[in-house]
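This report concerns only the one structure given below.
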Amino acid sequence: LPRVLSGIQPTADSFHLGNYLGAVRQWVALQETHDAFYFIADLHAITVEHDPKLLRKRTRVSAAQLLALGLDPARSTLFVQSQVPEHAELGWIMQCLTGFGEAGRMTQFKDKSAKQETVSVGLLTYPILQAADILVYRSEFVPVGEDQRQHLELTRDLAQRFNTRFGKTFPLPAPYILKDTAKIYDLQDPRAKMSKSASSPGGIVELLDDPKVSAKKIRSAVTDAEREIRFDQENKPGISNLLGIYSALTGRTVDELVADYDGKGYGDLKKDLADVVADFAGPVRDTVKSYLDDPAELDKIVAAGSQRAREIAAGTLARVYDKVGFLKG
Ligand code: TYM
């Protein structure tokens, strides 16, 4: 089976709709047809200042959400990044292949570093670690949202560079990005992506939020001064975003929705979308709660996944160490 890999950072109390529709939903689908590796990127989460207690809690909440959203540890390898030291070890090799300027050109680094008072070197090398995450499993496909595209280009460049210098070792991984859900937008600022770190609370729909809170956020979503419900990304980004989310969660096409809402108002659309979101998120919340009732069991599930992941990662790392000329220990 072709191999897929992806990761998510445990940097918020809840995943948001962008994380789910842009990424995790595809992870769940791909576990049926691919050799799937999915992980919680806790090493990436410490590139900005963090609270250890909160990190541990959010790592468990992330695992619980992934399980509640449909990842099946029997069909995919679900693990925690820090439990597989080979990521950081291959990361070092990849750092030594990356140009200083090349790392500095990453737009996410530029955005994030502009917002931090102090910028760690880890924030700069973050995308190189991400490349190692992908390459250490010799992954072929990486299901992510649009915002990760540049990091995947770097990953391909590094894979190619390693292959050229040391002999063919890595397949070049392809981004797996679904056009309709590649970028879910902030409800308050519908030209910006919905983001854990950048959106105001009113702009993000969190899966674990109280449905009343989500309904209120959707009702208050920024739209436009017209009345007509139609999809027009350029001139009606707010309404287009709501239609996109609605379509993704119900499986109905945007055209069908537009036809249905002909003659109705923005308020009707928002109210119905709030119901759709509540119907989706309600059961997820309940399942997450029940997983969190037994954190020891949750820790066991991910530790087992990490062990499985390590077997593959260690194999790749041994080949890499040999190719770069390290002595066998
Ligand atoms: P993270 O934790 O920011 O986001 C997790 C996934 O959610 C997607 N996403 C979105 N998709 C559509 N619309 C949005 N508004 C939106 N916001 C987030 C992201 O594209 C991502 O797929 N660097 C990664 C984590 C990572 C990783 C990896 C991913 C570390 N190593 C290796 C793939 C492969 C990140 O910060 O994702």
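Because the structure is a prediction, the values reported are computed rather than measured. Indexing begins at 1, ligand by ligand and atom by atom, following the structure's order.
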Is it true that [X] and [Y] have ring centroids separated by less than 6.0 Å?
X    : Y    : answer
F109 : Y126 : no
F166 : Y321 : no
F280 : Y20  : yes
F37  : Y137 : yes

For ligand 1, what N or O to protein N or O distances fall under 3.5 Å?
unit_1   : atom_1 : unit_2 : atom_2 : d
ligand 1 : 2 (O)  : Q9     : N      : 2.9
ligand 1 : 2 (O)  : K196   : NZ     : 2.9
ligand 1 : 4 (O)  : N19    : ND2    : 3.4
ligand 1 : 7 (O)  : N19    : ND2    : 3.2
ligand 1 : 11 (N) : G18    : O      : 3.1
ligand 1 : 13 (N) : I184   : N      : 2.9
ligand 1 : 15 (N) : I184   : O      : 2.8
ligand 1 : 15 (N) : M194   : N      : 3.4
ligand 1 : 15 (N) : M194   : O      : 2.8
ligand 1 : 20 (O) : G145   : N      : 2.8
ligand 1 : 20 (O) : D147   : OD1    : 2.4
ligand 1 : 22 (O) : G145   : N      : 3.3
ligand 1 : 23 (N) : Y126   : OH     : 2.7
ligand 1 : 23 (N) : Q130   : OE1    : 3.0
ligand 1 : 23 (N) : Q148   : OE1    : 3.2
ligand 1 : 31 (N) : D133   : OD2    : 2.6
ligand 1 : 36 (O) : Q9     : NE2    : 2.9
ligand 1 : 36 (O) : Y126   : OH     : 2.7

Practice problem: Could you check if a side-chain atom of L152 sits within less than 4.5 angstrom of a side-chain atom of I134, using non-hydrogen atoms only? | Solution: yes
Quiz item: Given R58, which of D51, D13, D42 fulfils the salt bridge (charged side-chain N to carboxylate O under 4.0 Å, His left out) condition?
Solution: D13
